S.K.: 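Below is a structure I'd like to ask you about.
All ligand and atom numbering here is 1-based and tracks the order in the structure. Nothing here was measured: the structure is a model prediction, and the numbers come from that model. Every heavy atom of this structure was used, including side-chain atoms; hydrogens, water molecules and symmetry mates were not.
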Amino acid sequence: MIISKRIVLRFPRRLVERSIVSRLIKDYNLDFNILKASISPEEEGLLVLELSGKQADYDEGIKYLTKTGVKIQSLSQDVLRNEERCTHCGACVTICPTGVFEPDALTKRINFNGEKCIACGICIKACPPRAMELHF
Ligand code: SF4
Ligand code: SF4
């Protein structure tokens with residue numbers, strides 16, 4: 001069975017230069033989709049991935065990552081928009097760290113691109129009509 005999970009990887013400084021993700025594909029047969037990457041030489045690296053593959057390969061890949069010193073956080077929760085409540089006020093656009101909310105100049109609406117969401121929850125409190133909801 002193929003599974004697909006969204007995870008957040010935090011790299012200690014010494015690992016930033018190493019190509020950990022390419023090993024995941026080569027040695028563990030995993031596919032990945034990078035949803036967000038911010039790695040700076042001075043700071044800890046952050047990578048949000050959608051990782052998919054066979055459960056056994058996934059488990060081995062996660063073990064490998066843990067051994068190398070990467071911190072892993074699973075995104076088992078989803079943040080979704082209640083379309084009936086959203087007033088398209090735009091308050092969420094600049095606060096979302098991954099750019100989920102995309103203003104459409106033509107329609108004057110704020111599109112919600114859920115694929116990019118890392119479920120950080122920042123938008124939940126920031127949304128005036130409480131349109132952003134946490135689902136488990
Ligand atoms: S802050 Fe809330 S109401 Fe305003 S555009 Fe974003 S989701 Fe919609
Ligand atoms: S939870 Fe909200 S602020 Fe955080 S990434 Fe998702 S849409 Fe953006």
S.K.: Which atoms of ligand 2 have any heavy atom of Thr98 under 4.0 Å away?
M.R.: 5 (S)
S.K.: Output the list of atoms in ligand 1 that are nearer than 4.0 Å to some heavy atom of Ile110, sorted by atom number.
M.R.: 5 (S)
S.K.: Go through ligand 1 atom by atom and flag the ones less than 4.0 Å from a non-hydrogen atom of His88.
M.R.: 5 (S), 8 (Fe)
S.K.: Any idea which atoms of ligand 1 are less than 4.0 Å away from a heavy-atom of Pro129?
M.R.: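 Taking each heavy atom of Pro129 in turn, ligand 1 has 3 (S) under 4.0 Å.
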S.K.: Please answer: with hydrophobic residues joined when any side-chain heavy atoms are less than 4.5 Å apart, are Ile124 and Leu80 in the same cluster?
M.R.: no
S.K.: Please identify which atoms of ligand 1 are closer than 4.0 Å to at least one heavy atom of Arg81.
M.R.: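 Numbered from 1, ligand 1 contributes 7 (S).
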S.K.: Roughly how far, to the nearest 0.5 Å, is CG of Asn29 from CG of Asp57?
M.R.: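 It is 5.0 Å, given to the nearest 0.5 Å.
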S.K.: Work out which heavy atom in Met132 is nearest to a heavy atom in Val79; give both atom names and the distance.
M.R.: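 Closest heavy-atom pair between Met132 and Val79: CE-CG1, 3.8 Å.
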S.K.: Quick one: ring-ring contact (aromatic ring centres under 6.0 Å, His included) pairs with a partner in residues 92-130, sequence neighbours left out?
M.R.: Phe101-Phe112
S.K.: Any chance you could measure Asp104, atom CG, to Arg109, atom CZ, to the nearest 0.5 Å?
M.R.: 9.0 Å
S.K.: Excluding sequence neighbours, so at least two apart, what forms side chain to side chain contact (heavy atoms under 4.5 Å, CB included) with Ile34?
M.R.: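 Per chain and number, Ile34 pairs via side chain to side chain contact (heavy atoms under 4.5 Å, CB included) with Phe32, Ala37, Leu47, Leu49.
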S.K.: Can you confirm whether Leu9 sits close enough to Lys71 that some side-chain heavy atom of one is under 4.5 Å from a side-chain heavy atom of the other?
M.R.: no
S.K.: For Cys127, take its heavy atoms, then give the atoms of ligand 1 lying under 4.0 Å from any of them.
M.R.: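 What qualifies from ligand 1 is 1 (S), 2 (Fe), 3 (S), 7 (S).
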S.K.: Mark up the atoms of ligand 1 that fall under 4.0 Å of a heavy atom belonging to Pro128, in ascending order.
M.R.: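 So the answer, numbered in order with elements, is 1 (S).
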S.K.: Can you tell me if Glu133 has over 12 outside heavy atoms packed within less than 6.0 Å of its CD?
M.R.: yes
S.K.: Minimum heavy-atom separation for Pro97 and Ile122, please, with both atom names.
M.R.: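 Pro97 and Ile122 have their closest heavy atoms at CD-CD1, 4.2 Å.
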S.K.: For atom 8 (Fe) of ligand 1, what's the nearest protein heavy-atom neighbour? Residue, atom name and distance, please.
M.R.: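 Scanning the protein heavy atoms, the shortest distance from atom 8 (Fe) of ligand 1 goes to Cys86 SG, 2.4 Å.
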S.K.: Does only the side chain of Ala126 get under 4.0 Å from ligand 1, or the backbone, or both, or neither? Count heavy atoms.
M.R.: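 The answer is neither.
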S.K.: For Glu84, does the CD atom have more than 12 heavy-atom neighbours from other residues, nucleotides or ligands under 6.0 Å away?
M.R.: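 No, CD of Glu84 has 12 or fewer neighbouring heavy atoms, counting only those of other groups under 6.0 Å.
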S.K.: Sort by chain and number the protein N/O/S atoms found under 2.8 Å from atom 2 (Fe) of ligand 2.
M.R.: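 Protein N, O or S atoms closer than 2.8 Å to atom 2 (Fe) of ligand 2: Cys123 SG.
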S.K.: List the residues meeting ring pair (Phe, Tyr, Trp, His ring centres under 6.0 Å) with Tyr58, not counting sequence neighbours, and say none if there are none.
M.R.: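 For Tyr58, no residue satisfies ring pair (Phe, Tyr, Trp, His ring centres under 6.0 Å) once neighbours in sequence are set aside.
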S.K.: Using a distance threshold of 2.8 Å, state whether an N, O or S atom of Cys89 lies below it from atom 4 (Fe) of ligand 1.
M.R.: yes
S.K.: Counting only heavy atoms closer than 4.0 Å, does ligand 1 sit against the backbone of Arg85, its side chain, both, or neither?
M.R.: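 Within the 4.0 Å criterion, Arg85 makes no contact with ligand 1.
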